[in-house]
Amino acid sequence: MMTDIDPTALSVFIFFLALVTVMGFVAARWRRPKTLAHIDEWGLGGRTFGTWITWFLVGGDFYTAYTVIAVPALVYTVGAYGFFALPYTIVVYPFVFMVMPLLWRRAKDHGYVTAGDIVHGQYGSRALELAVALTGVIATMPYIALQLVGMTAVFKALGLHGELPLAVAFIILALYTYSAGLRAPALIAFVKDIMIYIVVIAAIALIPAKLGGYANVFAAADADFKAKGAGSLLLGGNQYVAYATLALGSALAAFMYPHTLTGIFASNSGNTIRKNAVLLPAYTLLLGLLALLGYMGHAANLKLDSANDVVPALFQTLFSSWFAGFAFAAIAIGALVPAAVMSIGAANLFTRNFWKAYIDPQVSDAGEAKVAKMTSLVVKVGALLVIIFLPTQFALDLQLLGGIWILQTLPALVFGLYTKWFRAPALLAGWFVGFFGGTYLVWDAGWKPLHMVPLGETGFTVYTGLLALLANIVVAVIVNAVVPARAAARA
Amino acid sequence: MDRRFGTAACWLLVIPYIGLLWVPFYNCHDPVLLGFPFFYWYQLAWVPITAILTWIAYRSMRHDD
């Protein structure tokens, strides 16, 4: 893959990055409230976002730059199995449709900003609140780091090596998020998504035309998989359960993350969220087609150092340099939007569920906003240091665990919307078993998210997150049934 | 609209889970459509289908918030 600097591509890239930087700072004036010195305004955009802004914001932080890079990379390497991202991002929306409006209503009525707030309000347990908040923060950090992995792939394709470009982009991001809060990524998401749509539509229309049609793309990938003896266009019989459980488990986990919840809480009504559950699958169509770029990589006979280079390399070889620059800018901005929302989500958790809970319970509204702003800076610098000083694989492994961890907060966060039966000690015991049990299983399998469940002669592989969730729920039910209510109230 | 009808329409949302999580049903190469093996176009087709089912559920619901 070429790594010389291409002046045209680089200029187009810098132009668009400069554009969103200006927008990021202007965002502080956009839909300006009386004051930004309130966590509802800084961290949730005043809870005023209607259908379209919510669509761009949630779409922008759910389908990230890392998705654009990693899903095609996985499909390029393993074939059909990597496609599980598609059913995952379809079955997530019926779940969002049914559950998220209720969660939004709860948050709105009581002024809750985070998952930790909801759990504390429901069960009155500081310990459970801490478990949920802590899980949120540590699951988000590696996710932010992965956005940097996405950006690094683009910088590498542009011929920009070393950590400096990454650090510059991130510091600018940190500054405008600090000043404008959630309004910055919400505004930039418009530009990001329009760019990504242009890029993907151009790619799926023009690349197959250059490579001899989709039939040829699939045939070329099939031939490569057979020659390599790894990967295939269809799933192996032993992959069925893994594929389905990965899709389901990821879908259940997706809207437990602080950044996706932030997008939900920032919308102006439950109805807005329901409408978005109807409209957001448009992104999924895009994702499915994007995944096929992995196969196009085979048809184009790319020689790659790393599978993560497949998308940048495709644009570099098949498009003129100005369009490659445009595509790279789209991906890089696609990293900035979710990274901003993630750092805001983590900052909100820290402010509400650590700072306010333990350090300064009397903190003023302006004080909360100030703590959240500072925390968002610290979180981003932390993610940057992780990427610069630790191997990428470490972030990948942590991200994998993050999905399993965040899924364990589902019972505490969601069950209370439907029943008052569960009590804090039971949910805490369930979380404990799910969190540490899940971590153990992943470690035991050599940092793989799949676990072999022996059944009869052979057994099958299941997504560890879902296994841990099952254990979590079983333990919660048993403890709740066994521990008498009054003993629990005293504890 | 009738509340019970709205609740019934929500059961439509179970369909995508069955259609997509029952993998053996669609893990095959034929029929091919526009060069896409069945495995791929079947799953892509569930995107608009799910959106339509969700829209039906949305339309049949009471919106009091």
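The sequence lines fix the lettering, A, B, ..., with proteins before strands; numbering per chain opens at 1.
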Novice: Minimum heavy-atom separation for B/Cys10 and A/Phe97, please, with both atom names.
Specialist: SG-CE2, 4.4 Å

Novice: Between B/Leu13 and A/Met98, which heavy-atom pair has the shortest distance, and what is it?
Specialist: CD1-SD, 3.8 Å

Novice: Using a heavy-atom cutoff of under 4.5 Å, enumerate the residues of residues 45-52 of chain A that contact chain B, numbered in order, or state 'none'.
Specialist: none

Novice: Would A/Tyr214 and B/Tyr40 count as having a side-chain donor-acceptor pair, cut-off 3.5 Å?
Specialist: no

Novice: Could you tell me which portion of A/Ala219 (side chain, backbone, both or neither) has an atom closer than 4.5 angstrom to a non-hydrogen atom of chain B?
Specialist: neither

Novice: Go through A/Phe218 and B/Val32 one step at a time and tell me if the side-chain contact (heavy atoms from CB on, under 4.5 Å) criterion holds.
Specialist: CA-CA 11 Å; A/Phe218 282 106; B/Val32 175; over 6 Å; no

Novice: Could you go through A/Tyr240 and B/Asn27, starting from their C-alpha distance and side-chain angles, then the distance that decides it, and tell me whether this counts as side-chain contact (heavy atoms from CB on, under 4.5 Å)?
Specialist: CA-CA 9 Å; A/Tyr240 288 178; B/Asn27 188 39; 3.1 Å; yes

Novice: Atom CG in A/Asn271, atom OH in B/Tyr58: separation rounded to 0.5 Å?
Specialist: 3.5 Å

Novice: CG/A/Leu235 to SG/B/Cys28 distance, rounded to the nearest 0.5 angstrom?
Specialist: 11.0 Å

Novice: Name the option with the most non-hydrogen atom pairs under 4.5 Å to chain B; the candidates are A/Leu248, A/Thr245, A/Leu280, A/Thr284.
Specialist: A/Leu248

Novice: Checking heavy atoms, do the side chain of A/Tyr88, its backbone, both or neither come under 4.5 Å from chain B?
Specialist: neither

Novice: Tell me the closest heavy-atom pair linking A/Leu285 and B/Pro48, and the distance in Å.
Specialist: CD1-CD, 4.5 Å

Novice: Please list, one pair per line, the donor and acceptor atoms closer than 3.5 Å that link side chains of residues 15-26 of chain B to other protein atoms, with sequence neighbours excluded.
Specialist:
residue, atom, partner, partner atom, Å
B/Tyr17, OH, A/Val91, O, 2.7
B/Tyr17, OH, A/Phe95, N, 3.4
B/Tyr26, OH, B/Leu20, O, 2.7

Novice: Can you confirm whether A/Lys210 is buried at NZ, in the sense that more than 12 heavy atoms of other residues, nucleotides or ligands lie under 6.0 Å from that atom?
Specialist: yes

Novice: At a heavy-atom separation under 4.5 Å, does A/Lys108 approach chain B through its side chain, its backbone, both, or neither?
Specialist: neither

Novice: To the nearest 0.5 Å, what is the distance between CZ on A/Phe84 and CD on B/Gln43?
Specialist: 11.5 Å

Novice: Looking at every non-hydrogen atom in both residues, tell me the closest pair between A/Leu86 and B/Val47 and how far apart they are.
Specialist: CD1-CG2, 4.5 Å

Novice: Can you tell me which portion of A/Leu292 sits under 4.5 Å from chain B's heavy atoms? Options are side chain, backbone, both or neither.
Specialist: side chain

Novice: With chain A, which of B/Trp55, B/Phe38, B/Phe39 has the greatest number of heavy-atom pairs at distances under 4.5 Å?
Specialist: B/Phe39

